[in-house]
2 protein chains.
Amino acid sequence: MRETTGGTRERIQAVALELFTEQGYEKTSLREIAERLGVTKAALYYHFKSKDEIVTSLVDDRLRRMDELIAWAADQPPTLATRRALIGRYADSMFDGDLPQVMRFFEQNQTVLKSLVAGQQMRDRMMRLAHQLCRGDDSPAAQLRAALTLFAVHSSWFAVRAPGITDDERKRIALQVADELLAKIGETGQG
Amino acid sequence: MRETTGGTRERIQAVALELFTEQGYEKTSLREIAERLGVTKAALYYHFKSKDEIVTSLVDDRLRRMDELIAWAADQPPTLATRRALIGRYADSMFDGDLPQVMRFFEQNQTVLKSLVAGQQMRDRMMRLAHQLCRGDDSPAAQLRAALTLFAVHSSWFAVRAPGITDDERKRIALQVADELLAKIGETGQG
DNA sequence: ACCTGAACACCGTTCAAGT
DNA sequence: ACCTGAACACCGTTCAAGT
């Protein structure tokens with residue numbers, strides 16, 4: 001058997017992330033997760049206080065990295081160069097390691113997550129990121145552009161339908177479009 | 001008493017739309033809806049085949065209007081003028097009558113709706129709209145821009161935080177940003 | 001035609017009890 | 001420390017029965 005490397009807690013997280021992303025949070029029952037691991041539903045409650053808390057544990061790492069990004073940006077001058085660097089770093093983190101899967105899960109479960117603590121924190125960080133992206137220009141248009149810049153990175157995963165396109169190419173396209181949006185922030189005049 | 005204008009079916013739809021939007025589809029129980037109307041849970045099943053089917057009935061009207069838009073666009077030449085007119089009409093329909101509430105509901109419940117028939121149809125229509133918006137330019141960047149154009153209209157509701165801003169102003173900003181994105185579709189060269 | 005009462009299998013959660 | 005068995009209130013759904 002030698003199922004996987006280790007502790008039950010980690011195995012629960014792995015299975016939960018997979019099923020939540022595939023079928024959604026609400027559609028995935030704890031019974032389903034437990035069965036895959038060969039334990040009882042009640043066993044899950046030894047490792048996590050609730051179903052909600054499983055999600056929290058998945059998102060925590062991601063939250064920390066976003067906090068770092070936001071803090072970094074707040075320390076830089078509010079220039080176009082900073083905005084470009086910020087979205088570049090954000091895209092890097094989105095396409096790096098196993099975080100894409102966490103974000104994919106998040107993307108798929110935004111609604112449900114609204115009522116979950118982790119979801120609210122995540123939304124909060126996105127808002128702050130957007131706020132950093134239009135620092136020095138708080139016009140409505142700038143706010144909208146900042147939000148769309150983040151969307152550009154996210155939606156490059158599903159909005160672009162091209163056979164055989166690589167993750168790197170998706171990232172490049174996303175940053176190209178993002179850069180154009182960012183360039184319009186902080187411009188004097190309405191042109 | 002003379003509760004509302006009429007039939008139980010319509011009253012169910014009204015209450016369901018309100019609660020689904022406020023709390024989400026999964027978090028709203030049929031018991032809750034029934035109680036508000038002073039009927040039994042089972043009574044709902046006389047008017048609707050399932051909880052899912054309540055959503056379908058809410059979204060149907062919206063689907064029809066999107067179909068009309070798509071058909072109209074397919075009949076026009078694939079020019080920038082057409083793209084601009086298309087997103088303009090789309091924004092109109094989004095900010096008009098009681099449809100905004102339906103869309104707000106949709107925005108809030110995308111995930112859950114993925115597994116519902118109505119949700120899949122809705123996603124399908126959004127894809128087709130995006131496709132119309134980049135007709136004649138199937139490059140990845142164009143696809144991404146087309147998707148972001150639609151997002152611009154949607155996210156103008158929540159991404160823009162300005163005290164006392166009106167719906168009309170939100171719409172104007174959305175269309176301004178959308179137009180800039182659309183202008184870059186179909187441009188020769190990569191510049 | 002319109003609705004009720006009671007039952008169905010399933011859900012997340014709790015807790016005493018076992019090793 | 002780690003897990004089980006059995007119970008809890010709640011969920012969406014069904015259906016015979018009432019008017």
Side-chain angles (χ1 to χ4, degrees), chain A residues 1-59 105 109 111-119, chain B residues 1-59 105 109 111-119:
Chain A
M1 286 283 174
R2 62 167 93 79
E3 271 286 341
T4 63
T5 48
T8 312
R9 195 186 145 90
E10 285 71 23
R11 292 170 63 218
I12 294 172
Q13 288 178 315
V15 170
L17 177 56
E18 192 187 330
L19 293 181
F20 287 166
T21 308
E22 260 176 36
Q23 334 175 333
Y25 174 79
E26 302 269 17
K27 291 252 165 202
T28 304
S29 69
L30 295 181
R31 183 188 49 73
E32 220 171 338
I33 297 172
E35 264 174 13
R36 278 234 193 166
L37 297 170
V39 296
T40 353
K41 254 200 315 182
L44 305 181
Y45 281 85
Y46 175 75
H47 297 281
F48 298 96
K49 270 182 290 193
S50 66
K51 192 181 177 184
D52 182 334
E53 223 248 326
I54 299 180
V55 175
T56 304
S57 77
L58 291 171
V59 171
F105 153 76
N109 288 272
T111 314
V112 189
L113 288 177
K114 277 188 69 172
S115 52
L116 271 49
V117 191
Chain B
M1 287 280 172
R2 62 168 93 81
E3 271 286 342
T4 64
T5 50
T8 311
R9 193 186 146 89
E10 285 72 24
R11 293 171 61 218
I12 294 172
Q13 288 178 315
V15 170
L17 178 56
E18 192 187 328
L19 293 180
F20 287 167
T21 308
E22 261 175 36
Q23 335 175 332
Y25 175 80
E26 303 268 18
K27 291 252 166 203
T28 304
S29 69
L30 294 181
R31 182 188 49 73
E32 218 171 340
I33 296 173
E35 264 174 12
R36 278 233 192 168
L37 297 170
V39 295
T40 354
K41 253 198 318 180
L44 304 181
Y45 281 85
Y46 175 76
H47 297 281
F48 299 96
K49 271 182 289 194
S50 65
K51 191 181 179 185
D52 182 333
E53 223 247 328
I54 299 180
V55 175
T56 304
S57 79
L58 291 172
V59 170
F105 154 75
N109 290 271
T111 314
V112 189
L113 289 176
K114 278 189 68 173
S115 53
L116 269 49
V117 191

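Below, chain A is the first sequence line, B the second, and so on; all start at residue 1. Everything quoted here is computed from the prediction, not taken from an experiment.
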Rounded to the nearest 0.5 Å, the NZ atom of B:Lys27 sits from the CD atom of A:Glu26 at a distance of 6.0 Å

Would you call B:Arg31 and B:Glu35 a salt bridge, taking side-chain N to carboxylate O under 4.0 Å as the test? yes

Nearest whole Å is fine: how far is [N] [atom2] from [X] [atom1]?
| X | N | atom1 | atom2 | answer |
| --- | --- | --- | --- | --- |
| B:Tyr45 | D:dA17 | OH | C1' | 19 Å |
| A:Leu44 | D:dG5 | CG | C1' | 15 Å |
| B:Lys27 | D:dC10 | NZ | P | 15 Å |
| B:Tyr46 | C:dA1 | OH | C1' | 4 Å |
| A:Glu35 | C:dG12 | CD | C1' | 15 Å |
| B:Lys51 | C:dC10 | NZ | P | 18 Å |
| B:Lys41 | D:dC11 | NZ | C1' | 6 Å |
| A:Arg9 | D:dC3 | CZ | C1' | 16 Å |

Ignoring backbone atoms, establish whether [X] has a side-chain N or O less than 4.0 Å from OP1 or OP2 of [N].
| X | N | result |
| --- | --- | --- |
| B:Thr8 | C:dC3 | yes |
| A:His47 | D:dA1 | no |
| A:Arg31 | C:dC10 | no |

With nearest nucleotide decided by heavy atoms, which residue, A:Lys49 or A:Ser29, maps closer to the 5′ end of DNA chain C? A:Ser29

How close do [X] and [Y] get, counting heavy atoms only, and between which atoms?
| X | Y | answer |
| --- | --- | --- |
| B:Tyr45 | B:Ser50 | CE2-CA, 4.0 Å |
| B:Leu19 | B:Thr28 | O-OG1, 3.3 Å |
| A:Glu18 | A:Arg36 | OE2-NH1, 3.5 Å |

Using Watson-Crick or G-U wobble pairs with both distances under 3.5 Å, give me DNA chain D in dot-bracket, 5' to 3', with [ ] for crossers and | for pairs to another strand. ||.|||||...|||||.||

Proximal nucleotide (of D:dT14, D:dA6, D:dC3) relative to the B:Ala42 side chain: D:dT14

The test is side chain to side chain contact (heavy atoms under 4.5 Å, CB included); show your working for B:Phe20 and B:Ile33 and say whether it passes. CA-CA 10 Å; B:Phe20 287 167; B:Ile33 296 173; 4.2 Å; yes

Backbone N or O of A:Ser29 within a donor-acceptor pair of the A:Lys41 side chain at under 3.5 Å? no

